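Data first, discussion second: the structure below is written as structure tokens.
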Amino acid sequence: MRYDLVIFDNDGVLVDSEPLSNRHLAAYLTELGHPTTYEDSIRDYMGSAMHRVHDLIEERTGHRLPADFDDVFHARVFAAFERELKPVPGVADVLEKLTADGVPYCVASSGSHERIRVGHRATGLDRFFDDSRIFSSQDVGRGKPAPDLFLHAAERMGTAPDRCVVVEDSPLGVQAAVAAGMDVYGFTAMTPAEKLTGVTGPFGDMRELLPLLTGGDRAEN
């Protein structure tokens, strides 16, 4: 293994939540009078903490979102998670292998602790992540693209940043990993590789990830 710690993003990397989440976010913003398409939501908010939604809406319209916006949105999304959420194909095999080989790993997500846990329970990935392996933007002052969350995760896991690797699928997450001084592999299932500027390498299938982490040749699609 080339690294001492593997840090996974959550949404879109561990759980296939981005389509569900952004569909509901676009619909709710539109319902509140801020017309937003699914594509708009992916472009503007994918990989970010909720404060970015509030900040961009206020910046663009001069109006603040309702005080209960987060609660209503999360209630809708969590209900959808319980009905529809699946793990990203192949990621359970990656986690099984890392566990079997004794390779430390954790999750560092822009989502809340509750969102992470709801998603993991719904997909069965909770068996891989106890509390000591879960880090949220709630734990730090600034979310992605600031490096704070990844640096916090590395510190808590007892690993120097330059010995960590991040697995990300959003431009904001890649920016955060680069700013933290970490290698980062960009998962291109939803984001074209050309938008993940600064990645150590892109990959499009979870079967390709382990060879990247061990320094082997990438698997062919």
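What you see is a predicted model; the values in this text were computed from it and never measured.
Between Asp139 and Ser136, the side chains place no donor N or O within less than 3.5 Å of an acceptor N or O (distance only, hydrogens not considered).
With a 6.0 Å radius and a threshold of 12 heavy atoms from other residues, nucleotides or ligands, Arg43 has its CZ atom above the threshold.
Put simply, the side chain of Thr36 gets close to the backbone of His34: a donor and an acceptor are under 3.5 Å apart. No donor-acceptor distance shorter than 3.5 angstrom exists from the side chain of Glu18 to the backbone of Met46, with no hydrogens or angles considered.
Side-chain contact between Glu82 and Val118 is present, with at least one heavy-atom pair separated by less than 4.5 Å. Taking the side chain as every heavy atom from C-beta outward, Leu98 and Leu210 approach each other to under 4.5 Å. Leu196 is not listed as a side-chain neighbour of Val184, based on a closest heavy-atom distance of 4.5 Å or more. Counting heavy atoms from C-beta on, the side chains of Arg117 and Asp131 come closer than 4.5 Å.
A cation-pi geometry, defined here as NZ or CZ lying under 6.0 Å from the six-membered ring centre and within 45° of its normal, holds between Arg76 and Tyr28.
Clustering ILVMFWY residues whenever any of their side-chain heavy atoms sit less than 4.5 angstrom apart, transitively, puts Leu213 in a cluster other than the one holding Met157.
Two rings, from Phe150 and Phe135, have their centers 6.0 Å or more apart.
Here the closest heavy-atom approach between residue Thr188 and residue Pro202 is recorded as CG2-CB, 3.9 Å.
The structure places OG of Ser170 at 6.0 Å from NZ of Lys144, a figure rounded to the nearest 0.5 Å.
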